Structure formats: C-alpha cells, structure tokens
Amino acid sequence: MSSVTVRVPAKVNLQLSVGPLRDDGYHELATVFQAVSLLDEVVARPGAGGVRLSMTGEGDGALPLDGRNLAVRAATLLAERAGVAADVDLAIAKAIPVAGGMAGGSADAAAALVACDALWRLATPREDLVELAAELGSDVPFLLQGGTAIGTGRGEQLTSVLSRGEFHWVFALANGGLSTPAVYGECDRLRADRAVPDPYVSDMLMQAVRAGDPVLLGKALHNDLQPAALSLQPALQQVLDVGEDFGALGGLVSGSGPTVALLARDAEHGLDLAVALSSSGTCRSVRRATGPVPGARVVG
Ligand code: C5P
C-alpha cells in the first residue's frame with residue numbers, strides 16, 4: 001500500500017463533571033463527549049525504518065516530533081503489540097488547536113493507530129485498538145469512536161449516546177495553551193475546602209442531546225474545570241461574554257481550555273457569532289464546526 005489517509009475529529013465536552021482525585025493521580029469523571037468537524041488529517045506512508053513524523057498547520061514547530069509525540073507513541077505501541085517493525089512516515093496536517101482542550105494530541109494518536117493498522121494490514125480487532133488507545137491517554141478511545149458518548153472512569157470508559165440532528169458550534173481559539181495537569185491541579189486547589197461529590201451526568205443534558213434540542217443543550221452545558229481555566233486565564237471570560245452578547249445558546253470552556261465553545265442556533269447564527277468574535281479582538285482565531293461526526297477513519 002502506498003499511503004493511507006485518516007481524518008480525525010476534535011472533541012468538546014458538553015458536560016465535564018470532575019469527581020475526587022484518585023490514588024493513581026487521575027480524577028474520576030462523568031463526561032459527555034461530542035466529536036466535532038474540526039479535523040486533523042494523518043497520512044501514513046511506508047517508511048525507511050522507524051517512525052518519522054512531520055506536522056503542518058496549527059502549532060507548527062511547537063510540538064516535539066520524537067517519541068514524546070503521542071502519534072509516534074501510538075505507532076510504536078501498535079507495532080510492538082502486533083510484533084511488526086515500526087516502519088512508517090506520518091504526516092499530520094493539524095486544524096485542531098494544540099493544548100487547546102479539544103484533545104488534538106489524543107486525536108492524532110487515534111488517527112495514527114487507525115492509519116498504521118491499515119498501512120501494515122494488521123486488521124487489529126476493534127477492542128484491541130480501543131485498549132491501546134486507553135493506554136495512550138484518557139481521551140484517545142473517544143476519538144476512535146466519535147459521535148456522542150458518556151465517558152466515565154478517567155474518561156476512557158465509553159457508552160454511546162443516540163443524538164438527533166446536528167449542533168452548530170463556534171470555537172474561539174486562544175493565544176497559547178493550557179496544560180491539562182495544571183488545570184486539574186488548579187481545580188483541586190480551588191475546591192480544597194469542600195467535599196467533592198461523585199461525578200454525574202445531568203438528565204437535562206441527555207434529554208437535550210437525544211431530542212436534538214439546541215436551546216435546552218445551551219442551558220445544560222457545564223464544565224467543572226471552567227473556574228480553574230478562568231483562574232489561570234481570566235481573559236477567557238471576555239470570550240464567554242461576547243458569546244452571550246451575540247445570542248449564543250450557551251458557552252463554556254472546552255475541556256481543560258483555553259478554547260471556548262459557543263453553541264449557535266443554526267448555521268447562519270454560527271456565522272454571525274463567528275464574525276462577532278473575530279472582530280471582538282478577544283481571541284486568536286475562530287472556527288465553525290458541527291457535531292456529532294464520526295471518529296478516526298480512513299478516507300479516499
Ligand atoms: O490521560 P491523559 O494523559 O490525557 O491525561 C493528562 C493529565 O490530565 C493527567 O496526567 C492528569 O493530570 C489529568 N487528568 C486527570 N483526570 C482525568 C484525566 C486527566 O486528572 N480523568
């Protein structure tokens with residue numbers, strides 16, 4: 001095979017309920033993921049020995065291209081478990097912001113698993129790929145699966161959710177990123193004086209997703225990490241305020257931030273919101289996307 005192209009979406013957490021810190025350093029979560037049409041593209045070609053990686057687009061030059069990169073680790077792990085030579089050239093065109101709270105690194109890892117599995121003609125059983133994904137990171141299994149899903153445990157245990165219709169999102173990309181462990185740490189610090197209840201998924205949110213009701217979804221959006229992200233990057237509040245001023249049905253920090261997700265009424269309103277955000281000067285750039293969309297898959 002001369003090359004394999006895989007497209008993979010970003011994610012937004014419609015709800016992120018963060019429970020107590022566990023003994024293993026992770027937090028017990030109840031989250032609802034939605035895959036959105038902000039897509040990275042990963043092309044895998046036969047290599048000249050070893051795993052080589054090049055990247056263009058978002059975060060150009062900002063990411064390591066060696067074994068610290070999650071996509072390289074994904075290819076290496078798959079080769080190791082399958083007992084084949086890790087021999088591939090990976091080229092990633094990135095649209096998902098780096099360290100943006102949209103699981104861009106996890107998405108590339110999921111895409112690298114799917115691309116190498118096809119390139120090396122392994123036909124790895126789905127459940128084995130999902131297991132490798134969970135080893136690579138808490139969000140990687142969801143980026144394989146896509147759609148809308150409830151995530152429990154550290155986010156890696158998934159239950160699909162039937163979702164009606166299409167939701168229209170506007171994402172405000174920030175200057176710089178936020179470190180996920182730092183945001184979880186700040187969350188712990190901010191609520192150190194309180195008992196942390198077990199995480200849960202809201203009934204209203206599930207009803208909104210099942211009914212395809214954007215007005216109800218806008219009201220139900222919630223992220224326990226938002227106070228922590230705002231504490232570390234207070235200017236994000238201005239982005240949320242612009243969203244509210246221009247009639248967003250709801251808005252929240254995406255995952256650990258600093259990307260802000262705003263829910264629009266429809267495609268036209270999404271365009272209006274995007275224009276308002278762009279001219280507000282409160283963010284680096286703006287992207288429109290819809291969700292839910294499928295997970296990492298071979299195209300072309
Ligand atoms: O699993 P992943 O490598 O993506 O997680 C990155 C970091 O985010 C973890 O090292 C941890 O600090 C934090 N995290 C957490 N609880 C989770 C998921 C991630 O504290 N459920």
Side-chain angles (χ1 to χ4, degrees), residues 8-35 40 59 62-64 66-78 92 94 96-113 129-146 149-159 176-192 194 196-201 222-229 231-233 252-259 295-296:
V8 65
K11 63 88 182 161
V12 59
N13 302 79
L14 308 179
Q15 182 184 358
L16 181 47
S17 178
V18 179
L21 180 61
R22 310 193 311 201
D23 291 341
D24 64 0
Y26 286 88
H27 293 74
E28 195 66 24
L29 301 184
T31 188
V32 181
F33 293 109
Q34 182 160 93
D40 278 3
L63 286 170
D66 57 16
R68 289 168 295 171
N69 191 296
L70 211 50
V72 173
R73 278 168 47 200
T76 309
L77 183 67
L78 177 64
I92 305 185
K94 280 201 76 61
I96 309 174
V98 171
M102 301 194 75
S106 303
D108 296 342
L113 285 177
L129 271 191
V130 172
E131 226 177 277
L132 295 182
E135 277 183 49
L136 290 160
S138 310
D139 292 337
V140 185
F142 177 69
L143 279 314
L144 272 184
Q145 182 172 314
I150 294 175
T152 54
R154 58 186 172 89
E156 88 290 12
Q157 290 163 31
L158 299 174
T159 311
L178 277 173
S179 140
T180 301
V183 176
Y184 274 100
E186 180 68 358
C187 176
D188 290 338
R189 193 185 70 79
L190 289 176
R191 49 188 205 180
R194 269 172 277 161
V196 177
D198 286 336
Y200 72 100
V201 169
H222 181 82
N223 181 0
D224 279 348
L225 290 180
Q226 182 159 312
S231 165
L232 296 174
Q233 212 154 304
L252 83 178
V253 168
S254 179
S256 55
T259 305

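Ligands are counted one by one from 1 in listed order, and the atoms in each one are counted from 1 as well. Hydrogens, waters and symmetry mates are skipped; everything else that's a heavy atom, side chains included, is used. All figures in this text were calculated on a predicted structure; none of them were measured in a lab.
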For [atom], which protein heavy atom lies nearest, and how many Å away is it?
atom: atom 1 (O) of ligand 1; result: S138 OG, 2.5 Å
atom: atom 7 (C) of ligand 1; result: P181 CG, 4.0 Å
atom: atom 20 (O) of ligand 1; result: H27 ND1, 2.7 Å
atom: atom 6 (C) of ligand 1; result: T180 CG2, 4.3 Å
atom: atom 3 (O) of ligand 1; result: Y26 OH, 4.1 Å

Exercise for the section: Kindly compute the distance separating CD (E131) from CG (L77), expressed to the nearest 0.5 Å. Expected result: 10.5 Å
Handout entry: E156 CD to D139 CG distance, which is reported to the nearest 0.5 Å
Key = 10.0 Å
Find out whether [X] and [Y] are in side-chain contact, i.e. whether some heavy atom of one side chain is under 4.5 Å from a heavy atom of the other.
X: V201; Y: V32; value: yes
X: K94; Y: D108; value: yes
X: L178; Y: S256; value: no
X: V18; Y: V196; value: no
X: N223; Y: N13; value: no

Handout entry: Backbone or side-chain N or O of R154 under 3.5 Å from ligand 1 N or O
Key = yes
Practice task
Consider every N or O of S106 and every N or O of ligand 1, then say whether any pair is closer than 3.5 Å.
Solution key: no
Practice task
Assess G185 for proximity to ligand 1: is some non-hydrogen atom of it under 4.0 Å away?
Solution key: no
Handout entry: ligand 1-proximal atoms of Y184, by part, heavy-atom distance under 4.0 Å
Key = side chain
Practice task
Specify the closest pair of heavy atoms between P199 and P20, including all atoms of both residues, with the distance to one decimal.
Solution key: CD-CD, 4.4 Å
Need the ligand 1 atom indices (1-based, order shown) with element for anything under 4.0 Å from a heavy-atom of [X].
X: G137; answer: 1 (O)
X: L29; answer: 21 (N)
X: G25; answer: 20 (O)

